[in-house]
Student: 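First, the structure itself, so that you have it in front of you.
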2 protein chains.
Amino acid sequence: MSEENPEFLIDKASDADTDGAERRVFEEFLRQRGLKFTQARRLLLDKVFSMHDHFTAEQLLDRLRTDGIGASKATVYRTLSVLLECDLLTAHDFGEGALYYEHTFGHDHHDHLFCLHCKTITEFRDDAIEEHQDRVTGHLGFRTLTHSLKIYGVCKGCSDEEPGLVERYAASPGIVRHRS
Amino acid sequence: MSEENPEFLIDKASDADTDGAERRVFEEFLRQRGLKFTQARRLLLDKVFSMHDHFTAEQLLDRLRTDGIGASKATVYRTLSVLLECDLLTAHDFGEGALYYEHTFGHDHHDHLFCLHCKTITEFRDDAIEEHQDRVTGHLGFRTLTHSLKIYGVCKGCSDEEPGLVERYAASPGIVRHRS
DNA sequence: GTGTCTGCAAAACCTTTGCATGATC
DNA sequence: GATCATGCAAAGGTTTTGCAGACAC
């Protein structure tokens, strides 16, 4: 492993080709529940799986419209909700007002770095952290269903470009919003 | 340390007596900014520091009214905002719609377990987890300002009382809401 | 043809804000 | 007395919902 690509960094490009498996999962899920595989749902599924970054409902709607697909806001939210239920999608709240979604098919759990300046989201995974979490919950008899670790700060790119940025954010709690 | 009280559990009772220090901090902060120490702010500060659990703005408002203190919703939100800015308060988003607040005076950083069934919030701290986080961000040149680790699941009390609860939640992604 | 889905607009929800009145320094 | 704070109601944002017409099975 090179220094530029440490073992805990997640390679986003590797999920580029899912071989259409998400579609089979989706169709099967719909069938089981007596729901219908409509054109809107097919178009939305395709769009969601063509985006390999995190996106909000509004951004998804915009990109659909750019493609000339006239889906309504209600349908976007309702379809995202179905995709969440069948585990093809995950939502993350970074305290920015809207939820960020990412498709998750065959992806392992991972955690996030959120740059408060450029809003870039970086994914990472660290087994040691996971193990320590399990140790804590095990001690307490707490049965974990899901968990989230989010680290907020300033990414290397931003702090290289603008030295003093970190100090500026640290002095402006209003920007960090004290959400933790 | 007894088994009932592992070293990573945070003893909430220990912050019961702050000796009024939070009031001095608050007054000093207000003075520095040319803000006023009004009756509403004093009453809210007292109430916030008399509550040793996590609470929402709505719950705070209710408890104030129970005490016969008629603060408006706007004032509650505005005062919470000031308390956040002077680091006497922290807000947490557990995906329940509203933010949960907790007063933090002389408290070290800690993480949270959230029981999806009884909504109980348990605090813990684990230095090893923090160290691993620092290692990851260090590798990436990411400058951390704050972070949050939240573990969602079913607490020991709930799963003892209702066996099968965990499985029920695991099968109902809609309840977990897929927020992570 | 039955049952589900879509789009629109309106509502829900928490939170913030504008403005006139009232309190603090 | 100047300035900031309060309360009310209205607006802000994202997300959800009711309903009539449209589509999938």
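Treat the numbers as computed from the prediction; the structure is a model and nothing was measured. Proteins come first, then strands; the chains are lettered A, B, ... in the order of their sequence lines, and each starts at number 1. Side-chain atoms are counted along with the backbone in the values below, which use heavy atoms only and exclude waters and symmetry mates.
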Student: So does B:Arg135 pair up with B:Glu131, basic N to acidic O under 4.0 Å?
Tutor: no

Student: Quickly work out the B:Asp62 CG to C:dC14 P distance and round it to whole Å.
Tutor: 11 Å

Student: If you pin B:Gly34 and B:Ser72 to their nearest nucleotides in DNA chain D, which one's is more 5'?
Tutor: B:Gly34

Student: Just to verify, which of A:Val82, A:Val25, A:Leu88 counts as forming a side chain to side chain contact (heavy atoms under 4.5 Å, CB included) with A:Leu45?
Tutor: A:Leu88

Student: Rounded to the nearest angstrom, tell me the gap between atom CD1 in A:Ile69 and atom P in C:dG7.
Tutor: 11 Å

Student: Measure the distance from CZ on A:Arg42 to P on C:dT6 and round it to the nearest whole Å.
Tutor: 12 Å

Student: Measure CG/B:Leu99 against P/D:dG13 and give the value in whole Å, please.
Tutor: 18 Å

Student: Classify every nucleotide of nucleotides 18-25 of chain D by which part a protein heavy atom approaches to under 4.0 Å, writing B for the base, S for the sugar-phosphate alone and - for neither, in 5'-to-3' order.
Tutor: B-----BS

Student: Measure the distance from CG on B:Leu44 to P on D:dT6 and round it to the nearest whole Å.
Tutor: 8 Å

Student: Is the shortest side-chain N to carboxylate O distance from A:Arg143 to B:Glu167 below 4.0 Å?
Tutor: yes

Student: With the threshold set at 4.0 Å, does a side-chain nitrogen-carboxylate oxygen contact exist between A:Glu27 and A:Arg24?
Tutor: no

Student: I want to confirm an ordering. Mapping B:Glu58 and A:Val76 to their closest nucleotides on DNA chain C, which one lands closer to the 5' end?
Tutor: A:Val76

Student: Let me know the distance between CZ of B:Phe55 and P of C:dC14, rounded to the nearest Å.
Tutor: 16 Å

Student: Can you find a side chain N or O atom of B:Tyr77 that sits less than 4.0 Å from OP1 or OP2 on C:dT16?
Tutor: no

Student: So, do B:Val48 and B:Phe55 sit near enough that their side-chain heavy atoms are less than 4.5 Å apart?
Tutor: yes

Student: Using a strict 4.0 Å threshold on nitrogen-to-oxygen distance, state whether A:Asp67 and A:Arg65 make a salt bridge.
Tutor: no

Student: Measure the distance from CZ on A:Phe26 to C1' on C:dC5 and round it to the nearest whole Å.
Tutor: 12 Å

Student: Could you state the CG-P distance from A:Leu80 to D:dT17, rounded to the nearest angstrom?
Tutor: 15 Å

Student: Please confirm whether B:Lys150 makes a cation-pi placement over B:Phe94, using NZ or CZ under 6.0 Å from the six-membered ring centre and within 45° of the ring normal.
Tutor: yes

